[in-house]
Visitor: 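Dumping the structure here so I can ask a few things about it.
Treat the numbers as computed from the prediction; the structure is a model and nothing was measured.
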Amino acid sequence: MAKVLLWISAVLLAVFVIKTQYLTSKTYEPFIAGCVASGNASQEQCECLSDYVHKRYSDLEVRAIMDNRLGDELSQTKVEQDIRQGSQVCANP
């Protein structure tokens, strides 16, 4: 019985480490910080917008958006449209 509990705890520890190190977004907090720094939105609105954007784009895409490294004009237009829609949704969270 003790060995089973030891194995379960080892697996849970491995899952925790993998989740915290590899599956969390590295752009979530910087996106919120940049949004709040713009002075146009509250902390709650920026958190809402960050959730909205992170549901639609991967972490790498959000990094490219933040660094203004968008590919073609079509993707830039789509990103601008999504940000505009997210801003409207999050205007009164």
Visitor: To the nearest 0.5 angstrom, please state how far the SG atom of C90 sits from the CG atom of D51.
Guide: 7.5 Å
Visitor: Minimum heavy-atom separation for L49 to I83, with atom names?
Guide: CD1-O, 4.1 Å
Visitor: Please identify each residue that fulfils side chain to side chain contact (heavy atoms under 4.5 Å, CB included) with Q88, with sequence neighbours left out.
Guide: R84
Visitor: With a 4.0 Å cut-off on N to O distance, would you call D82 and K78 a salt bridge?
Guide: yes
Visitor: Please find the pair of heavy atoms, one from P30 and one from M66, that lie closest to each other, and give the distance.
Guide: CB-CE, 3.6 Å
Visitor: Say you draw a straight line from CZ of F31 to SG of C46; how long is it, rounded to the nearest 0.5 Å?
Guide: 8.0 Å
Visitor: Under the side chain to side chain contact (heavy atoms under 4.5 Å, CB included) rule, collect the residues that match up with A64, sequence neighbours excluded.
Guide: R69
Visitor: Would you name the heavy atoms of H54 and T27 that are closest together and state the gap between them?
Guide: NE2-OG1, 2.8 Å
Visitor: Using a 4.5 Å cut-off between side-chain heavy atoms of Ile, Leu, Val, Met, Phe, Trp and Tyr, which other residues end up in the same hydrophobic cluster as L5?
Guide: none
Visitor: May I ask you to list the residues sharing a hydrophobic cluster with I32, side-chain cutoff 4.5 Å, ordered by chain and number?
Guide: Y28, V36
Visitor: V79 and Y57: which non-hydrogen atoms are nearest, and at how many Å?
Guide: CA-OH, 3.5 Å
Visitor: Between E61 (side chain only) and S58 (backbone N and O only), is there a donor and an acceptor less than 3.5 Å apart?
Guide: yes
Visitor: Quick one: list whatever passes side chain to side chain contact (heavy atoms under 4.5 Å, CB included) with I8, sequence neighbours left out.
Guide: V4, L12
Visitor: Partners of Q43 by side chain to side chain donor-acceptor pair (under 3.5 Å), sequence neighbours excluded?
Guide: E47
